[in-house]
Engineer: 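So that we are looking at the same thing, I have put the structure below in structure tokens.
Treat the numbers as computed from the prediction; the structure is a model and nothing was measured. Lettering follows sequence order; numbering is per chain, from 1.
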Amino acid sequence: MSSLPLSPADGGGRYPGFRTLDQSPHWDAATTEVVLARVEHPPGIRFFAAREQALAQALFDLLLAQTGEPRVPVLELVDARLADGETDGWHYDGMDPDPQAWRATLAALDDEARAGSGSGFVEADADAQRAILQRVQAGGQDDWHGYPASHVWSLWTRYACTAFYSHPWAWDEIGFPGPAYPRGYKNLGVDRPEPFEVPDAHPAEDPVSRGARS
Amino acid sequence: MTSVRDRNESAWLLPPHPGQNHQLRADMRRFADDDEIDIAIVGCGAGGSTLVQRLARRGWRAVAFDAGPFWDPERDWVSDEAGSHHLYWTEPRVIAGDDPVPLGSNNSGRGVGGSMVHYAGYTPRFHPSDFRTHTADGVGADWPLSYSDLKPFYEDIEAELPVAGEPWPWGDPHSYPHRPHPVSGNGELFLRGARACGITAKVGPVAIANGRFGNRPHCIYRGFCLQGCKVNAKASPLITHIPDALAHGAEVRADSMVSRIGFDERTGRATGVHYLRNGTEHFQRARMVAVAGYSIETPRLLLNSRSARFPDGMCNDFDQVGRYLMVQGAPQTAGRFDAEVRMFKAPPPEVSTEDFYETDPTKPYKRGFSIQTVSPLPITWAEHVAAQGHWGTDLRRYMSDYPHWACLGALCEFLPLEGNRVTLAEETDRHGLPVARFSYSQCDNDRQLMDAAQGVMERILRAAGADEVITIKRFAHLVGGARMAADERHGVVDRNCRSFAVPNLLITDGSVLPTQGSANPALTIMAVAARAAASLANREEE
Ligand SMILES: Cc1cc2nc3c(=O)[nH]c(=O)nc-3n(C[C@H](O)[C@H](O)[C@H](O)COP(=O)(O)OP(=O)(O)OC[C@H]3O[C@@H](n4cnc5c(N)ncnc54)[C@H](O)[C@@H]3O)c2cc1C
Ligand code: SF4
């Protein structure tokens, strides 16, 4: 396993050599089973139909900037939740329950792309794809193919972020050590890493304000 | 005063290591459906578990039903955010209104222990003013109870959880049974920033034992309190009240969803509960019924319990059921530091200030807010970052900065409004029962509080040295929906949690709260249930 591809300008390589999975011998059995399943056997696709799968893959790659391998299996993790009915239960009045809303909004991505450039969303170039997402994000309460745009954006980002940041490779990238039972933490306080934590190699570089300036 | 162990032996009934007392569960007393038990309690959360423990101690034949499982933390819970999804109530619900409130992971639990299985663990008391906001400030409602009526029950529950914290200077000043915990980077920065701004902040109050309590081990500062404490350090009724209830002959009937309250048209009394277990419907006979299913499910169950006498739902003669539901405005403000905070280390609940809790006559709004540390784990943090509009490489770059952020949360006292309520939706769940439709709209006062709280959090973080601050607007802690009142035209139950309409029906969860202050509600819910149990038992046993 290697780390996820992410350029240093985008926050890659800040915790050199840090691998959450190296700590897995310190995890309890129930947790180990759940977390390793995400890494070792991403589930097969059961919910999305073929075209939906391609659309969802393109959408997730954009939302999470996953451009190459290895890749956190976001598509597979979201598909499993929808196939198993593992939703948050609630939905906005006027919005369908999540599984139907997913199918409808993925189809709408295609409709929107075709109306613009004539080709489907998957086939559109990256700039055209991004422009469509930006419209949804900026849409607020406006209708987007039958749903308020903000609810669509919330649906997509909620599922995408939950899947991505549930994965140990994503934790490596953000310096998060993952499960902490039964060992716990001993060094509490500002700038007090545990022996197994890796401090940020560029603490003062503040990619945040740099990002804001660019 | 009796010792805690004499009143509630739960902590001594657990094994001397993480895990459960399997023998106690195997030996649990079991009642038959056609035994007329003394009381059927719907929901084994904060309110329901306290009630069952108190009544079992008084010799009542009690069964507490829960729609979810009887958790075994070692086996069922994980030290992982996404893997904890099953702790939440994820049956369908519809949210509506001008400011709809997302539910799921953010709001309610299922299974024995209720929402306290995954609550953070803050356990502040309400202030005396919370019980009379209408008289004092012309907003909200007055309780048919005063702070002093509840005070002895606060003290009892604080000892049973037990609560750790510094001596508390706000509201009715008091101290806590356990010393304050050491603080992490997040708590340290909050204390530093508050000091620089002249704001008083204190460590606590958290329902996490500091030191051994009975057989419960010490906290290991692992930060996964919102995923269920596998260690048994953080209090939830699963370990603080249920063991003692079982030892005193109560039954916990898990995986049993109550669908309707039985009712006798002739006597006008509740007769027991209809419930679904493994796909079949049962009816448990009972002399009394108490509903404690959380502020959404409690009104839903009443509304779904229709009869000739109650065509619009049980206890709903005056259209009060489901109304005056409240959430707290819970904006979260995070600050960026060059130093590493690593806020995920240590329990998220650490430090609070209640300096802004009371009405400030110099401000245009009434009532106030509190501020506390919150320490989101990666998924929740990603939500915070994504809410700023970041996605793609922007999001990844922001997220890579995670160890540098500290995060505070406010709890703003939103006012109880008539139109904020639960009704039944057209949609039905997998049992064919209409689901709850929860509508919420804020008033001006609510919005002003959110802005004011955000301003104070930004000030504290900047004073601590943050060079950037970001805020996400969130909501927390639903209470109300079947409130207590002086009479049946203004509420559903009386000061002892007895319904006005059905003499042998009680409601003993967060639904009965008429106001919410800016305190986290669990301690108050337990204290109200303990008080209801005492008055019920005293009256019935006379
Ligand atoms: C993320 C999060 C953090 C929180 N942090 C804090 C905090 O730090 N401090 C604090 O004080 N509060 C906190 N809370 C809120 C607190 O947990 C709740 O307010 C409290 O537990 C509510 O108590 P209750 O008795 O009303 O309901 P619950 O504790 O939710 O119990 C209700 C129970 O009833 C069961 N039930 C519902 N309907 C039925 C039915 N029809 N049949 C059978 N069973 C049923 C449910 O399964 C559930 O177990 C937090 C909540 C969340 C979600
Ligand atoms: S931090 Fe402490 S209280 Fe919280 S889950 Fe871990 S051991 Fe339990």
Engineer: Given a strict heavy-atom distance threshold of 4.5 Å, which part of B/Asn186 is in contact with chain A: side chain, backbone, both, or neither?
Structural biologist: neither
Engineer: Decide, yes or no, whether a salt bridge links B/Lys345 with A/Glu197 under the criterion of side-chain N to carboxylate O below 4.0 Å.
Structural biologist: yes
Engineer: Test ring-ring contact (aromatic ring centres under 6.0 Å, His included) on B/Phe224 and A/Tyr181; report intermediate values, then the result.
Structural biologist: CA-CA 9 Å; B/Phe224 281 88; A/Tyr181 176 76; 9.7 Å; no
Engineer: Got a donor-acceptor contact below 3.5 angstrom from the A/Thr31 side chain to the B/Ser79 backbone?
Structural biologist: yes
Engineer: What's the spacing between B/Phe344 CZ and A/Trp171 CH2 if we round to 0.5 Å?
Structural biologist: 12.0 Å
Engineer: If you take all heavy atoms of A/Tyr185 and B/Tyr221, which pair is closest and at what distance?
Structural biologist: CD1-O, 3.1 Å
Engineer: Find the one option among B/Arg437, B/His85, B/Glu91, B/Glu427 whose heavy-atom pairs under 4.5 Å with chain A are most numerous.
Structural biologist: B/His85
Engineer: With chain A, which of B/Gly392, B/Ser439, B/Ala406 has the greatest number of heavy-atom pairs at distances under 4.5 Å?
Structural biologist: B/Gly392
Engineer: Select one option (side chain, backbone, both, neither) describing which atoms of A/Glu173 are under 4.5 Å from chain B's heavy atoms.
Structural biologist: both
Engineer: In terms of heavy-atom proximity below 4.5 Å to chain B, should A/Asp28 be classed as side chain, backbone, both, or neither?
Structural biologist: side chain
Engineer: Would you mind checking which part of A/Pro182 comes under 4.5 Å of any heavy atom in chain B, side chain (CB onward), backbone (N, CA, C, O), both or neither?
Structural biologist: backbone
Engineer: Check B/Leu395 against A/Cys161 and note the closest heavy-atom contact, atom names and distance.
Structural biologist: CD2-SG, 4.0 Å
Engineer: Which atom names give the shortest non-hydrogen contact between B/Ala339 and A/Val190, and what distance separates them?
Structural biologist: CB-CG1, 3.5 Å
Engineer: Indicate yes or no: does B/Glu340 engage A/Arg192 in a salt bridge with an N to O separation below 4.0 Å.
Structural biologist: no
Engineer: Please rank A/Thr157, A/Val34, A/Thr162 by heavy-atom pairs under 4.5 Å with chain B and give me the top one.
Structural biologist: A/Thr162
Engineer: Report yes if some heavy atom in the side chain of B/Val94 is under 4.5 Å from a heavy atom in the side chain of A/His91; otherwise report no.
Structural biologist: yes
Engineer: I need the B/Trp391 CH2 to A/Trp153 CH2 distance, nearest 0.5 Å.
Structural biologist: 5.5 Å
Engineer: Counting a contact as any heavy-atom pair under 4.5 Å apart, which residues of residues 378-385 of chain B contact chain A?
Structural biologist: B/Pro378, B/Ile379, B/Ala382
Engineer: To the nearest 0.5 Å, what is the distance between CG (A/Asp88) and CZ (B/Arg93)?
Structural biologist: 11.5 Å
Engineer: Counting heavy atoms not belonging to B/Glu426, are there more than 12 under 6.0 Å from its CD?
Structural biologist: no
Engineer: Shortest non-hydrogen contact from B/Pro102 to A/Tyr92?
Structural biologist: CG-OH, 4.3 Å
Engineer: Given that the side chain runs from C-beta out, which part of B/Val183 has a heavy atom under 4.5 Å from chain A: side chain, backbone, both or neither?
Structural biologist: backbone
Engineer: Contact part of A/Trp27 toward chain B, heavy-atom cut-off under 4.5 Å: side chain, backbone, both or neither?
Structural biologist: neither
Engineer: Whether B/Asp80 and A/Arg38 form a salt bridge (side-chain N of Lys/Arg under 4.0 Å from carboxylate O of Asp/Glu) is what I want to check.
Structural biologist: yes
Engineer: Sort by residue number and list every residue of residues 225-234 of chain B having at least one heavy atom under 4.5 Å from chain A.
Structural biologist: B/Lys230, B/Val231
Engineer: Under 3.5 Å, side chain of A/Tyr15 to main-chain N/O of B/Ser400, donor-acceptor pair present?
Structural biologist: yes
Engineer: So, taking the atom named CG in A/Leu6 and the one named CE in B/Met399, what distance separates them when rounded to the nearest 0.5 Å?
Structural biologist: 12.0 Å
Engineer: If you count heavy atoms of other groups shown closer than 6.0 angstrom to CD of A/Glu33, is the number above 12?
Structural biologist: no
Engineer: If I compare all heavy atoms of B/Ser184 with all of A/Leu188, which pair ends up nearest, and what's the gap?
Structural biologist: CA-CB, 4.0 Å
Engineer: Compare every heavy atom of A/Ala180 with every heavy atom of B/Ile220, then report the nearest pair and how far apart it is.
Structural biologist: CD1-O, 3.9 Å
Engineer: Would you call B/Arg396 and A/Asp10 a salt bridge, taking side-chain N to carboxylate O under 4.0 Å as the test?
Structural biologist: no
Engineer: Does any part of the side chain of A/Trp90, heavy atoms only, come nearer than 4.5 Å to the side chain of B/Trp89, both counted from C-beta?
Structural biologist: no
Engineer: Please indicate whether A/Arg130 has more than 12 foreign heavy atoms, meaning atoms of other residues, nucleotides or ligands, lying under 6.0 Å from its CZ.
Structural biologist: no
Engineer: Given heavy-atom pairs under 4.5 angstrom as the criterion, report whether the side chain, backbone, both or neither of A/Gln66 touches chain B.
Structural biologist: both
Engineer: Would you call A/Arg14-B/Asp401 a salt bridge at under 4.0 Å N-O?
Structural biologist: yes
Engineer: Checking B/Glu188 against chain A: side chain, backbone, both or neither under 4.5 Å from a heavy atom?
Structural biologist: side chain
Engineer: When only pairs under 4.5 Å are counted, which of A/Leu133, A/Asn187, A/Leu64 shares the most heavy-atom pairs with chain B?
Structural biologist: A/Leu64
